[in-house]
Amino acid sequence: MYRKYLKRVFDFVVVVLASIILSPIFLLLCLLVKFDTKGPVFFKQRRIGMGKSEFLILKFRSMKIDAPRDQPTHLLENPDIYITRVGKFLRKTSLDELPQFFNIIGGQMSIVGPRPALYNQHDLVAMRDEYGANDVRPGLTGWAQVNGRDELPIDVKSRYDGEYVEKMSFLFDLKCIARTFKSVSTADGIVEGQLMNRKD
């Protein structure tokens, strides 16, 4: 019942209310991004959604417009030359993810679920197939994110995603959300290489 119907209702109601409450912060971040460096406020990137369909994920732009678009930041040779001043703060606090509220309202994502893979992360997508993790909506946060985040190798991350699919329930989602707030407040699991090698 929750997995099929109530989870979507929960996502929609919570995100709409959160969007209204956080609208002043959202507007402020838009202005900060716009005046920090030239380029658009939002960054769009092809990601893999439920059923391995593609969609465009939204984020606040945290990198310069000449940064490589379709490569995880930790694989860049020198990521710190691309990340903006405001972007460093956004990524450290995970506030760059706030525009994904629109993805959740649109039904492409959920509040909790496996983080959406890049369209070219074929190894991660294949491993998630083994655990049924491609059959649910990807999430703003997830069980893997609160159990290591960037520190997890792909096989372990996929296993956590599969565990989430098995345990998916209202209470388990609340547990993931609560642990997300704790992780974000302490920057737990964020790997800082040259500057901020965070992106999934």
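The aromatic rings of Y2 and F170 sit perpendicular to each other, their planes meeting at more than 60°, with 30° as the lower class boundary.
For an aromatic pair to be called close, the ring centres must be under 6.0 Å apart, and F43 with Y82 fails this.
Side-chain N or O atoms of S183 include one that pairs as donor or acceptor with a backbone N or O of R179 at under 3.5 Å. Side chain of R137 to backbone of G107: a donor-acceptor contact under 3.5 angstrom is found. Between the side chain of R115 and the backbone N or O of T141, no donor-acceptor pair lies under 3.5 Å. Side chain of R61 to backbone of T37: a donor-acceptor contact under 3.5 angstrom is found.
K52 meets the salt bridge (Lys or Arg N to Asp or Glu O under 4.0 Å) test with D129; sequence neighbours excluded. Taking E54 as the reference, R46 meet the salt bridge (Lys or Arg N to Asp or Glu O under 4.0 Å) condition, with sequence neighbours excluded. Residues meeting the ring pair (Phe, Tyr, Trp, His ring centres under 6.0 Å) test with F42, sequence neighbours left out: F60.
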Table please: side-chain donor-acceptor pairs of residues 5-19 below 3.5 Å, with sequence neighbours left out.
residue: K7; atom: NZ; partner: S110; partner atom: OG; Å: 3.2
residue: K7; atom: NZ; partner: V112; partner atom: O; Å: 3.0
residue: K7; atom: NZ; partner: Y164; partner atom: OH; Å: 2.8
residue: K7; atom: NZ; partner: D173; partner atom: OD2; Å: 2.7
residue: R8; atom: NH1; partner: I104; partner atom: O; Å: 2.6
residue: R8; atom: NH2; partner: I105; partner atom: O; Å: 2.8
residue: D11; atom: OD1; partner: S110; partner atom: OG; Å: 3.3
residue: D11; atom: OD1; partner: I111; partner atom: N; Å: 3.3
residue: D11; atom: OD2; partner: S110; partner atom: OG; Å: 2.5
residue: S19; atom: OG; partner: V15; partner atom: O; Å: 2.7

Practice item. Evaluate side chain to side chain contact (heavy atoms under 4.5 Å, CB included) for L58 paired with F101, printing each intermediate quantity in order. Key: CA-CA 9 Å; L58 294 174; F101 281 3; over 6 Å; no
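When all heavy atoms of A117 and V125 are compared, the closest pair comes out as CB-CG2, 4.0 Å.
Listed by first and then second residue, the salt bridge (Lys or Arg N to Asp or Glu O under 4.0 Å) pairs that reach into residues 117-128 are R128-D161, sequence neighbours excluded. Residue pairs meeting the salt bridge (Lys or Arg N to Asp or Glu O under 4.0 Å) criterion with at least one member in residues 23-40, sequence neighbours excluded, are D36-R85.
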